[in-house]
There are 2 protein chains.
Amino acid sequence: MNSSALPSTPAPGRPKDMEKRTAVLEAAMVLFPSRGYDGVSMDAIAQAAGVSKLTVYSHFADKEALFGAAVTECCAQLLPHQLFVPDPGLPVAEALFQIARPFVDLMMDERAVSLHRVMISQAGQDRRLTEIFFCAGPRAILLEMESFLQEARRSGYLRVADPARASEHFFCLLKGLGHMRVLVGLSEPPSSEQRDAHVREVVGIFLRAFAPEAL
Amino acid sequence: MNSSALPSTPAPGRPKDMEKRTAVLEAAMVLFPSRGYDGVSMDAIAQAAGVSKLTVYSHFADKEALFGAAVTECCAQLLPHQLFVPDPGLPVAEALFQIARPFVDLMMDERAVSLHRVMISQAGQDRRLTEIFFCAGPRAILLEMESFLQEARRSGYLRVADPARASEHFFCLLKGLGHMRVLVGLSEPPSSEQRDAHVREVVGIFLRAFAPEAL
DNA sequence: GTCTATATAGCGATAGAC
DNA sequence: GTCTATCGCTATATAGAC
């Protein structure tokens with residue numbers, strides 16, 4: 001598409017183009033989650049990016065388009081961070097802990113919390129964007145867990161009739177009331193020790209519910 | 001305070017006062033949760049209430065005060081609706097179902113969902129308001145469940161070391177992924193049959209995790 | 001392609017008539 | 001106590017100079 005090797009006309013003038021575009025996008029990725037869609041103006045984004053407002057409009061059609069790009073990029077950057085795959089051959093309880101502990105850290109991450117807030121506050125506005133968020137976030141994690149549970153069932157370590165549903169239960173327990181409290185701004189994220197204790201408790205419940213042998 | 005029996009001066013002119021006040025408050029209780037704090041203007045509230053904008057300002061100091069009153073009233077109207085007390089003498093599984101089923105209905109109630117959305121989107125704005133919401137909502141339900149679990153433990157029907165934590169787990173499982181999907185606007189609330197099945201599954205998990213005998 | 005300056009519109013909150 | 005009309009401010013989006 002883009003001819004980039006012509007000496008005379010090296011594509012009519014776009015050297016700093018991408019730099020400014022990413023500056024704008026990065027500013028939007030910080031401001032939108034932290035202050036909400038209505039809470040941040042195009043001026044604020046332009047100022048934070050160190051460019052003029054019209055430069056923002058030259059790269060993104062309007063505010064909604066910039067918001068969509070920012071959310072999409074946030075999803076992409078937050079998730080692959082760590083896709084919870086436990087070491088093979090570990091006892092089930094340990095494997096579950098290795099999956100659960102980074103998940104709790106992710107859920108308490110300030111950026112993830114802000115992203116949740118802004119997606120919830122924009123519910124019903126842009127369905128395609130919601131699906132992007134959900135598929136890149138919750139859905140991806142759930143699928144990872146589902147395949148782990150299928151393997152554990154095949155090996156006889158767990159008795160899960162419906163791995164997809166069991167995955168939902170597991171992560172809902174992990175989020176717990178703590179996530180809700182942080183989401184509404186009532187609590188600070190828990191300490192590392194509190195997270196450890198919480199994860200251990202949840203893993204215990206999950207095992208009592210789905211382990212083949214009775215405790 | 002208010003002398004209401006003087007024939008000559010029946011309190012200098014306040015007959016329709018409360019009527020308009022409630023009209024304004026009811027309009028705010030509908031509009032704020034559905035369109036968000038920034039999404040609704042004082043003009044819109046005045047128009048929906050059928051009064052002038054200055055009438056709104058005569059009853060509520062500013063937009064924040066009106067928002068606070070609306071949220072507080074929403075909490076009061078949504079909760080006492082049904083404070084989940086099961087019939088005494090019922091089997092534990094049945095009692096849990098009687099607690100859980102109306103809770104799921106409440107969580108899927110459009111007004112409750114909208115209230116969640118607006119509280120989450122306003123996180124960090126007004127801490128006192130957040131506490132009003134949390135105490136009137138989640139906290140009240142959790143305390144009810146906690147006392148039920150204490151009684152069940154005393155009777156030997158359940159083996160819950162920490163009733164408060166077990167209550168959290170129970171309701172987090174009940175909310176499940178479905179609540180999240182509705183919250184972000186990805187799914188419609190589930191059908192009555194789906195809710196039944198979900199509640200039965202969660203009660204089963206809870207019992208396998210906390211019942212004294214193994215399944 | 002980028003910036004300063006501006007058009008247009010809507011917001012929260014207020015002043016004065018009845 | 002209630003309403004019409006308006007101020008002051010800020011937002012999105014655009015027009016013209018370099």
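Chain letters run A, B, ... following the sequence lines, proteins first and then strands; every chain starts at 1.
- Each of dT2(D), dT2(C), dT4(D) was ranked by its minimum atom distance to the side chain of S58(B); first place goes to dT2(D).
- Of the side-chain N and O atoms in T55(A), none sit less than 4.0 angstrom from OP1 or OP2 of dG1(C).
- The phosphate of dG1(D) (OP1 or OP2) has no side-chain N or O of H59(B) nearer than 4.0 angstrom.
- Salt-bridge check for D196(A) with R200(A): failed, with every basic side-chain N at 4.0 Å or more from each acidic carboxylate O.
- A salt bridge links R165(B) with E168(B); the closest basic N to acidic carboxylate O contact falls under 4.0 Å.
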Which atom pairs, donor and acceptor, lie under 3.5 Å between side-chain atoms of residues 39-49 of chain B and protein residues at least two apart or in another chain?
residue: S41(B); atom: OG; partner: A44(B); partner atom: N; Å: 3.1
residue: D43(B); atom: OD2; partner: K53(B); partner atom: NZ; Å: 3.2

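- Rounded to a whole Å, the CZ atom of R21(A) is 17 Å from the C1' atom of dT2(C).
- A distance of 13.5 Å separates CD1 of I141(A) from CD of E146(A), quoted to the nearest 0.5 Å.
- Distance Q47(A) CD to dC3(C) P: 13 Å, rounded to the nearest Å.
- Taking every heavy atom of both residues into account, V113(B) and M107(B) meet most closely at CG2-O, 3.2 Å.
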Pairs under 3.5 angstrom, nitrogen or oxygen only, protein versus nucleotides 12-16 of chain D, please.
residue: dT12(D); atom: OP1; partner: M42(A); partner atom: N; Å: 3.4
residue: dT12(D); atom: OP1; partner: K63(A); partner atom: NZ; Å: 2.8
residue: dT12(D); atom: OP2; partner: M42(A); partner atom: N; Å: 2.8
residue: dA13(D); atom: OP2; partner: Y57(A); partner atom: OH; Å: 2.8
residue: dA13(D); atom: OP2; partner: K63(A); partner atom: N; Å: 3.4
residue: dA13(D); atom: N7; partner: K53(A); partner atom: NZ; Å: 3.4
residue: dA13(D); atom: N6; partner: K53(A); partner atom: NZ; Å: 2.5

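- The stretch residues 22-41 of chain A participates, sequence neighbours left out, in these ring-ring contact (aromatic ring centres under 6.0 Å, His included) pairs: F32(A)-Y37(A), F32(A)-F67(A), Y37(A)-F67(A).
- Separating the CZ atom of R35(A) from the P atom of dT10(D) is a distance of 14 Å, rounded to the nearest angstrom.
- Atom CZ of F60(B) is separated from atom P of dG1(D) by 15 Å (rounded to the nearest Å).
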